[in-house]
Number of protein chains: 2
Amino acid sequence: MERIFTRRPSMRDVAEASGVSAQTVSRVLSDHRNVKETTREKVLAAVEKLGYRHNNTARALVTGRSKTLGVLTLATKNYSRASLSLGIELGARDAGYTVNSVTSTMSLKGLTESVSRLLLQGVDGIILASPFREAASTIRRLTAGIPTITMGGSAGTCNGSVGIDQDQAAELATRHLLELGHKTVWHIAGPREWSDASLREESWRRTLIEAGCLLPPVLYGDWSPSSGHRNGLILGTNPKVTAILVASDEMAFGVIRALTELGLHVPKDVSVVGIDDIDLAAYSTPPLTTIRQSFEETGRRAVQHLVGLINKPGMTNLSSMSAPTLIVRGSTAPPPADWASKVCPKPHRQDCV
Amino acid sequence: MERIFTRRPSMRDVAEASGVSAQTVSRVLSDHRNVKETTREKVLAAVEKLGYRHNNTARALVTGRSKTLGVLTLATKNYSRASLSLGIELGARDAGYTVNSVTSTMSLKGLTESVSRLLLQGVDGIILASPFREAASTIRRLTAGIPTITMGGSAGTCNGSVGIDQDQAAELATRHLLELGHKTVWHIAGPREWSDASLREESWRRTLIEAGCLLPPVLYGDWSPSSGHRNGLILGTNPKVTAILVASDEMAFGVIRALTELGLHVPKDVSVVGIDDIDLAAYSTPPLTTIRQSFEETGRRAVQHLVGLINKPGMTNLSSMSAPTLIVRGSTAPPPADWASKVCPKPHRQDCV
DNA sequence: CCAATGATTGTTATCGATAACAATATGGAT
DNA sequence: ATCCATATTGTTATCGATAACAATCATTGG
C-alpha cells in the first residue's frame, strides 16, 4: 500500500518482490496445499505491501470460468423483481459468484438482444427471470451450450426450472374465497404473455370448474396498480361481483382503491385476494389477504441449481417448485348476507378524501 | 451455426475460415474504416457460419476495459433500490456497458468486502448506491484509482456525486404542512446511518426553525412499513400530533395503518406526507401526499456521469442534484378546526377489519 | 546406500483478443 | 517513371493469470 503504481501490481510484481516465481504466488493465493509455510508468509507479505489484487479477467481467460452469473429480468420495478434479484444476488455471493444483470423489454427482439449481451460478457450460467412464454424456443437456441435456469416458466423449457407453484397459489386463493361462501370468484389476471400470469389464470379457472361454479369473464391488467384500479372500477359497478382474485398485490391495491371510490366496502361488500404478499400488503386499509411467495428464497435456490448445473453439466431438466401459503388478513369475508335478495343500489363515485 | 464445437469458435477459427488474419477479423468486427468491402463480407459470412461471438474476457484483458460497471446497493428490496437499479441498468445499456451488481449490509465490513469484490471483477467504474455516512473515507481509499460515483451522499465524498436534492424534498413536504395551517410537523426519520435520511431530518429541522415552530422529538424507523406502523402507534396516541412527515412512503403506509387502527382519520385528524412517490402511493386509502423523486432518471444520470469520468479521468468532484416535486393527494388537510379547544379523547385501538 | 515417494518450486505454453509496428498494394502528383 | 500518401493486410508482442510438465530436494524403506 506504499507506492502508487501507474498500473496495478501483477503477480509478477509480487513474485519479484518476494523472490519466488509467479506460479508460486498463484499457488499461495489459491490455497494450494504444497507450499512451504515460510514462502507463503513471504508472498502474503509482498501481496500486502504492494496492495496486490487478483485480476479476475486474466483468470477467467485461462480457466474459462468467469465466476459470474448472468441474470435477465424484465424492465419493471415491481416487488417480485426486486426481491427475486435480491435473493439471486445473496445466493450468488454465498456461492462465490457475482451477478451480471441485464434488463429486457417483453419482446422477442429485446430478449434475444439481452441474452446475447450476457453471452458476450462470458457469464458461466444464466438465470432467466423473465417468464415470457413465446420466447422459449428462441432462447433455448441462444443459450444452447451454457447452463441456464428458467424461472417461473413451465417445466421443461430449458435445462432447469425453478419457481413457485403457481397452480397452487391461485388454487389456494380461489378456494379460500369459495369456502367463505362466495358463489364464484372473479379474476383480474396479469398480462397473457407472462407464463406466471397464465398459469394462475388457468388454475383459477380449473378450481372454479371443479367446484362447479360459474366462470366469469377474465379481466387483464399489466401488474401496475393503475391497471388494477381501472379494472376495479369495472368490476365494482357489477353488483354480482362479491369476490375478486387479483393476480398481484400491487394490482390489488388499485382494485381496493377503486372499490372504495365507488363507495363499496372491502371486505363487507366485496372480498379481494392478492398474490405475492409484498411488504406493504399487511398495511393497506384493509390489510390484504394474499398468497405469500418467497421470491427471495426462490432466487437463492435458482442460484444453487445453476451452480450445480455449472459444475456437473450432466444433469438436465432438474426443476424445483416451492409451495406458496395463504395469508388471511382483512380484505376477505363471507359475502353480504342479503346478497341474493337485496336491491343493488346504483354505485356512485365518491372520494373519501 | 452448422457445426457444434466443443469450444466456442475463436477469431482464429474465423480467420482461417475466411482466409485472412485474425487481426483483420478484429478490424471487421470493430468497424475499422480501412477494410475492403469484399473482405468484410467474407469475414462476416464466416462469423455467421461458425456462430462466432466476441469473447469479452479476452478483450478486457488486453484493452484494460471490461465495459462493465459495478453497482453497490444495500440488501433491501424497497422501491427506491428497485427503481434506482432499473435506471442504472437502462442507462448502462444505452452507454454500451453491462452492470455487475453486489449487495452489501450496512456495515463497514460488509461495504469493504463488497467493494473489493467489485474491484476483483475488474469493473471500469463503480456506482455506490448505498449512502452510508460513516464509510466515506474507507471507501474513498478502497476505490482510489477507479472512477466512482456516490449516490445520495453529501457532495465531495468521492470523485463525483449524483442524487436528488434531499434538502429540498424535506423542505417542500414540511412547508406544505405548515401552509395548511399545522402548528408544527412531527417527523419519522430513516436510519441515522443513511445519509439521505439524515439530510432529510436536518432539512425538516431547519425548515421548522426558520418558520419559528416548536421542534418535536424525532422518531426513527428502518424504512420498513412495520417500523412506520410502530412509530405511528406512538404518535397516534399523542393528541398534539396533527401532521407527520414520514421519511419514506413505505413507512408512511405503516403510519396511516396505525392511525386508522387507533380510530383516527387521515387526513381529518392527522395529515401524513411521505417521500418517494412509489407506484402504490396513489392507491392507498387515502391516497398519499408525497414528494416525487425520480430514481430511475437519477440512476441513468449516475451512469452518464460515471462513463464521463471513465473516459476523461481528469474531471473530479462533478456533482449533480435533481429537484423533487410535491405531489398533493388525499392524506393532507388543514388541522382539525377544534384542535385547540377540543377535549382530546383517549384514543382506543380499533380494528377496522 | 539407493530407489521411490512426496513435497516444493520453477519453466513454458496457453487462453482470445488487440496494439504497435511492418509490409504490401494502390493511386495520384510531379 | 518516381515518390509519397493512403488503403489494406499481416506479424509479433502483450495483457495477467493458470495448466501441464519438469526439476529439485528431503525422507523413507529395503
Side-chain angles (χ1 to χ4, degrees), chain A residues 5-44 46-47 50-68 96 119-124 145-146, chain B residues 5-44 46-47 50-68 96 119-124 145-146:
Chain A
F5 284 81
T6 345
R7 79 181 155 78
R8 296 207 61 79
S10 73
M11 267 197 174
R12 198 181 200 135
D13 298 319
V14 176
E16 278 168 14
S18 49
V20 297
S21 73
Q23 184 61 224
T24 301
V25 176
S26 172
R27 288 200 185 96
V28 169
L29 293 176
S30 54
D31 273 331
H32 195 283
R33 34 175 207 289
N34 293 335
V35 179
K36 221 200 313 190
E37 193 52 35
T38 57
T39 28
R40 182 188 303 277
E41 280 162 14
K42 261 193 312 189
V43 169
L44 289 178
V47 164
L50 299 180
Y52 170 80
R53 261 196 294 262
H54 241 123
N55 181 325
N56 214 302
T57 307
R59 164 188 284 179
L61 181 59
V62 66
T63 59
R65 291 287 165 90
S66 62
K67 284 284 182 180
T68 300
L119 257 25
L120 238 59
Q121 282 302 108
V123 296
D124 292 343
I146 179 168
Chain B
F5 285 81
T6 346
R7 79 181 155 78
R8 295 207 62 80
S10 73
M11 267 198 174
R12 202 195 205 119
D13 298 320
V14 176
E16 278 168 15
S18 49
V20 297
S21 73
Q23 183 61 223
T24 301
V25 176
S26 172
R27 287 197 185 98
V28 168
L29 293 176
S30 53
D31 272 331
H32 195 283
R33 35 178 204 290
N34 294 334
V35 179
K36 220 197 321 187
E37 192 52 35
T38 57
T39 28
R40 180 187 306 277
E41 279 162 15
K42 261 193 312 189
V43 170
L44 289 178
V47 164
L50 300 180
Y52 170 80
R53 261 196 295 261
H54 241 122
N55 181 326
N56 213 299
T57 307
R59 163 189 281 178
L61 181 58
V62 67
T63 59
R65 291 286 166 90
S66 61
K67 284 286 181 176
T68 300
L119 258 26
L120 238 60
Q121 283 300 110
V123 296
D124 292 343
I146 178 168

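Between the side chain of R33(A) and the base of dG6(C), no donor-acceptor pair of N or O atoms lies under 3.5 Å. Applying the 3.5 Å distance criterion, the base of dG10(D) shares a donor-acceptor pair with the side chain of R27(B).
Where E37(B) and S30(A) meet DNA chain D, the nucleotide closest to each residue was compared, and E37(B) sits on the side nearer the 5' end. Mapping K36(B) and L61(B) onto DNA chain D by nearest heavy atom places K36(B) at the nucleotide closer to the 5' end. Nearest-nucleotide positions on DNA chain C for G19(A) and A58(B) put G19(A) closer to the 5' end.
Rounded to whole angstrom, the span from the CD atom of E16(A) across to the P atom of dG16(D) amounts to 13 Å. For the pair R65(A) CZ and dA19(D) P, the computed distance is 11 Å after rounding to whole Å. The distance between atom CZ of R40(B) and atom C1' of dT9(D), rounded to the nearest whole Å, is 14 Å. Rounded to a whole Å, the NZ atom of K42(B) is 12 Å from the C1' atom of dT8(D). Between the P atom of dG16(D) and the CD atom of Q121(B) lies a distance of 17 Å, rounded to the nearest Å. Atom-to-atom, CE of M11(A) to P of dT14(D) comes out at 20 Å; the value is rounded to the nearest Å.
At distances below 3.5 Å, not a single donor-acceptor pair connects side-chain atoms of S18(A) with backbone N or O atoms of A46(A).
At the phosphate of dA17(D), neither OP1 nor OP2 sits under 4.0 Å from any side-chain N or O atom of T57(A). One finds a side-chain N or O of H54(A) lying less than 4.0 angstrom from the OP1 or OP2 phosphate oxygen of dT18(D). The shortest distance between the side-chain N/O atoms of T24(B) and the OP1/OP2 oxygens of dG10(D) is below 4.0 Å. Close to dG16(D), at under 4.0 Å from its OP1 or OP2, lies no side-chain N or O of N55(A). For dT18(C), one of the phosphate oxygens OP1 or OP2 lies less than 4.0 angstrom from a side-chain nitrogen or oxygen of S26(B).
For Q23(A), whose side chain is taken as the heavy atoms from C-beta onward, the closest listed nucleotide among dA17(C), dT18(C), dT18(D) is dT18(D). Side-chain atoms of S10(A) lie closest to dG16(D) of the nucleotides dA7(C), dC21(D), dG16(D).
Base engagement by S21(A) is indicated by at least one non-hydrogen atom pair under 4.0 Å involving a base atom. Heavy atoms of R12(B) sit nowhere under 4.0 angstrom from any nucleic acid atom. Contacts of T39(B) with the nucleic acid, taken as non-hydrogen atoms under 4.0 Å apart, involve only primed sugar atoms and P, OP1 or OP2.
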Item to check | Pair M11(A)-H54(A), side-chain contact (heavy atoms from CB on, under 4.5 Å): steps then yes or no | outcome: CA-CA 8 Å; M11(A) 267 197 174; H54(A) 241 123; 4.1 Å; yes
Next on the checklist: Apply side-chain contact (heavy atoms from CB on, under 4.5 Å) to residues N55(A) and R8(A) and explain how you reach the verdict.
Outcome noted: CA-CA 9 Å; N55(A) 181 325; R8(A) 296 207 61 79; over 6 Å; no
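The nearest pair of heavy atoms linking G64(B) to D124(B) is O-OD1, 4.0 Å.
With L44(A) as reference, V28(A) is the one residue of V28(A), V25(A), V14(A) to meet the side-chain contact (heavy atoms from CB on, under 4.5 Å) rule.
The closest side-chain donor-acceptor pair between Q121(B) and T68(B), if any, does not fall under 3.5 angstrom.
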